[in-house]
Amino acid sequence: MHDIRLVRADPAAFDAAMSRRGVAPVAAEILAQDAARRGAQQALQEKQARRNALAKEIGQAKRSGGNSVALEAEGAALRDAMAALEAEASRAEAAQTALLEALPNILDAAVPDGQDETGNVVLHQHGEPPRPNFAPKQHFEIGEALGQMDFATAAKLAGARFTLLSGPLARLERALGQWMLTLHTEEHGYTETAVPLLVNAATVYGTGQLPKFEDDLFKTTDGRYLIATAEMPLTNLVREEIVPEPTLPRRYTGLTPCFRSEAGSAGRDTRGMLRQHQFQKVELVSVTRPEDSEAEHERMTRCAERVLTELGLIWRRVVLCSGDTGFSAAKTYDLEVWLPGQGAWREISSCSNCRDFQARRMNARMRAPDGKGTVFLHTLNGSGVAVGRALIAVLETHQQPDGSVQVPPVLRPWMGGIERIG
RNA sequence: GGAGAGGUGGCGGAGUGGUCGAUCGCGUCGGUCUCGAAAACCGAAGUAGGUGCAAGCCUACCGUGGGUUCGAAUCCCACCCUCUCCGCCA
């Protein structure tokens with residue numbers, strides 16, 4: 001959500017910022033609604049003031065036994081006049097809000113221009129894609145050969161885009177999640193948080209998936225939504241709060257299933273467990289003072305990168321271009337991992353600085369430094385990392401010619417000490 | 001799911017149609033006193049919108065949204081949430 005004052009102050013700059021997002025100019029219409037709202041509100045408030053004065057006079061008249069018939073008649077007329085003004089004020093406000101809440105966040109100046117993912121820019125690479133002396137398999141070939149990854153049975157249970165893991169692979173998924181959570185809580189200062197997986201509309205609105213992206217979510221019969229990411233509940237922890245500044249930054253992490261209804265709708269990645277309706281993810285969320293979010297963004301991304309490094313994966317950091325950056329984000333780093341079986345870089349983490357965009361939607365604030373009023377917090381979220389995709393990367397990266405898979409040393413304590421699967 | 005009670009300012013808790021944005025207590029902040037502190041006393045202190053160069057002024061907000069009324073924290077309706085008891089249940 002944008003600050004209307006930003007639009008008022010410089011409509012052209014606002015339209016220019018939106019044009020980077022491919023949004024047609026909207027400032028003029030926003031300002032028209034704003035003017036209509038203010039006009040109606042001003043007139044309404046004058047009448048409200050008169051109504052309050054009348055009510056007092058009538059009260060006094062009645063107490064002293066006087067006649068108040070004329071005053072009451074004026075009040076009745078006033079009430080009717082106010083109804084129209086009130087309707088106009090709320091109509092204009094709703095129209096203005098509808099425009100503002102549908103607009104994506106303003107991009108950071110450092111975000112490169114580009115239409116789609118081909119415009120993203122690689123900033124850093126860790127390791128080189130290896131050239132193994134055997135033909136590396138894709139994760140589903142490895143998992144199915146092991147007899148521990150079963151898509152047919154998952155389809156029987158739930159349909160397409162679900163995965164059934166069993167035995168050591170099921171345990172490997174658990175080990176990955178447990179190890180990541182422990183790393184972030186014990187070494188990165190995040191607070192482990194167990195959250196509801198079903199959330200209400202206000203929560204979904206707060207992080208920006210509503211109202212525009214409702215179709216991407218699973219909705220329950222009672223009007224709730226399955227979380228698409230733990231970002232939703234974790235970020236909304238500060239919704240409608242005025243957070244004491246000394247408690248910032250707040251860093252939350254959680255391991256949750258994520259549910260995405262849109263996954264697979266484009267027909268991409270139809271084989272394997274890369275793109276599923278349900279997957280596990282360890283999420284990182286930070287809430288900071290405005291001046292700290294940029295540094296926090298770097299820090300958060302490094303926390304996610306450490307996960308990949310310690311798993312022995314080949315990865316690179318990419319800054320998303322204007323056309324690929326998500327709705328709520330001002331700037332996003334994707335971490336891409338090299339998948340030897342697929343022979344491609346694939347996203348395994350996405351770390352975004354949303355600045356005050358979500359905080360405005362949530363009304364999440366802290367006291368202003370000068371003591372006058374409040375300022376909106378900054379929120380950030382990142383995968384630390386996607387567990388399902390980490391499983392894929394571990395399988396493809398550490399596969400052996402005989403079809404077995406080496407367990408990365410950091411996971412062995414979580415795997416009962418075994419060094420190899422298969 | 002059934003029955004009942006309740007949601008008021010940071011917290012507790014008054015207030016059941018008219019100077020109530022709201023008594024009071026606690027907590028917080030500033031001051032007086034003190035060598036310093038405590039106590040005591042005095043004072044300050046919500047959020048947002050509109051308007052104004054500003055000081056300020058106006059408006060809204062007593063869970064949320066409607067309604068009744070000249071006037072609603074107070075009456076009516078719906079919804080949300082909390083608590084107690086019963087039932088069911090991992």
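The structure displayed is predicted, hence computed values, not measured ones.
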Item to complete: Could you walk me through whether A:Trp338 and A:Thr397 pass the side-chain hydrogen bond (donor to acceptor under 3.5 Å, both in side chains) test, one step at a time?
Response: CA-CA 8 Å; A:Trp338 176 255; A:Thr397 301; over 6 Å; no
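Applying the Watson-Crick and G-U wobble criteria (two distances, each under 3.5 Å), B:G4 pairs with B:C83. Checking B:U69 for Watson-Crick or G-U wobble geometry (two distances, each under 3.5 Å) identifies no partner in any strand. Nucleotide B:C61 forms a pair with B:G46, judged by Watson-Crick or G-U wobble geometry with both contacts under 3.5 Å. B:U51 is paired with B:G56 under the Watson-Crick or G-U wobble criterion, all donor-acceptor distances under 3.5 Å. With a cut-off of 3.5 Å on both Watson-Crick or G-U wobble distances, the partner of B:C11 is given as B:G25.
Between the CD atom of A:Gln45 and the P atom of B:C57 there is a distance of 15 Å, rounded to whole Å. When rounded to the nearest whole Å, the span between NZ of A:Lys47 and P of B:G71 equals 14 Å. One can place CG of A:Leu71 at 8 Å from C1' of B:C70, the figure rounded to the nearest angstrom. Residue A:Arg79 contributes atom CZ, which lies 8 Å from atom C1' of B:U68 at whole-angstrom precision. To the nearest angstrom, C1' of B:C61 lies 13 Å from CD of A:Gln41. Rounded to an integer number of Å, the gap from CG of A:Leu44 to P of B:C58 is 16 Å. A:Lys62 places its NZ atom 8 Å from the C1' atom of B:C70, with the value rounded to the nearest Å.
Among the nucleotides B:G18, B:A48, B:U19, the one closest to the side chain of A:Thr374 is B:A48. Nearest to the side chain of A:Ile242, among B:G49, B:G71, B:U47, sits B:U47. Between B:G18, B:C81, B:C58, one nucleotide has an atom nearer to the side chain of A:Ile58 than all others, and that is B:G18. When each of B:U19, B:G49, B:U59 is scored by its nearest atom to the side-chain atoms of A:Ala49, the top-ranked nucleotide is B:U59. Listed nucleotides: B:U47, B:G50, B:A60. Nearest to the side chain of A:Arg8: B:G50. The side chain of A:Gln48 sits closest to B:U59 out of B:G50, B:U59, B:G71. Closest approach to the A:Gln60 side chain among B:C70, B:U19, B:U47 is made by B:U19 (side chain taken as heavy atoms from C-beta onward). Each of B:C70, B:U19, B:U51 was ranked by its minimum atom distance to the side chain of A:Ala76; first place goes to B:C70. Comparing B:G50, B:U47, B:U59 by their nearest atom to the side chain of A:Arg367 picks out B:U47. Listed nucleotides: B:U51, B:G18, B:A48. Nearest to the side chain of A:Arg365: B:A48.
Note on A:Glu144 versus A:Arg271: salt bridge recorded, some NZ/NE/NH1/NH2 to OD/OE distance being below 4.0 Å. Using a 4.0 Å cut-off between charged nitrogen and carboxylate oxygen, A:Glu298 and A:Arg317 count as a salt-bridge pair. A salt bridge between A:Arg50 and A:Glu74 is present, with a side-chain N of the basic residue lying under 4.0 Å from a carboxylate O of the acidic one. The pair A:Lys62-A:Glu72 meets the salt-bridge criterion, with a side-chain N (NZ, NE, NH1 or NH2) lying under 4.0 Å from an Asp/Glu carboxylate O.
Remark on RNA chain B: of its neighbouring residues A:Gly59 and A:Asn52, the 5'-side contact belongs to A:Gly59, judged by nearest-heavy-atom nucleotide. The nearest heavy atom of RNA chain B to A:Arg50 and to A:Gly373 marks one nucleotide each, and the one closer to the 5' end goes with A:Gly373.
Using atom P as the reference point in both B:A38 and B:U28, the two lie 10 Å apart (nearest Å).
To the nearest 0.5 angstrom, A:Arg20 atom CZ is 8.5 Å from A:Asp108 atom CG.
Ring centroid separation for the pair A:Phe327 and A:Phe213 comes in under the 6.0 Å cut-off.
Contact between the side-chain N/O atoms of A:Arg38 and the OP1/OP2 oxygens of B:U51 is found at a separation under 4.0 Å.
Residue contacts for A:Asn200: at a heavy-atom cut-off of 4.0 Å it reaches no nucleic acid atom on any strand shown. At a threshold of 4.0 angstrom between heavy atoms, the contacts of A:Arg51 are confined to the sugar-phosphate backbone, with no base atom among them.
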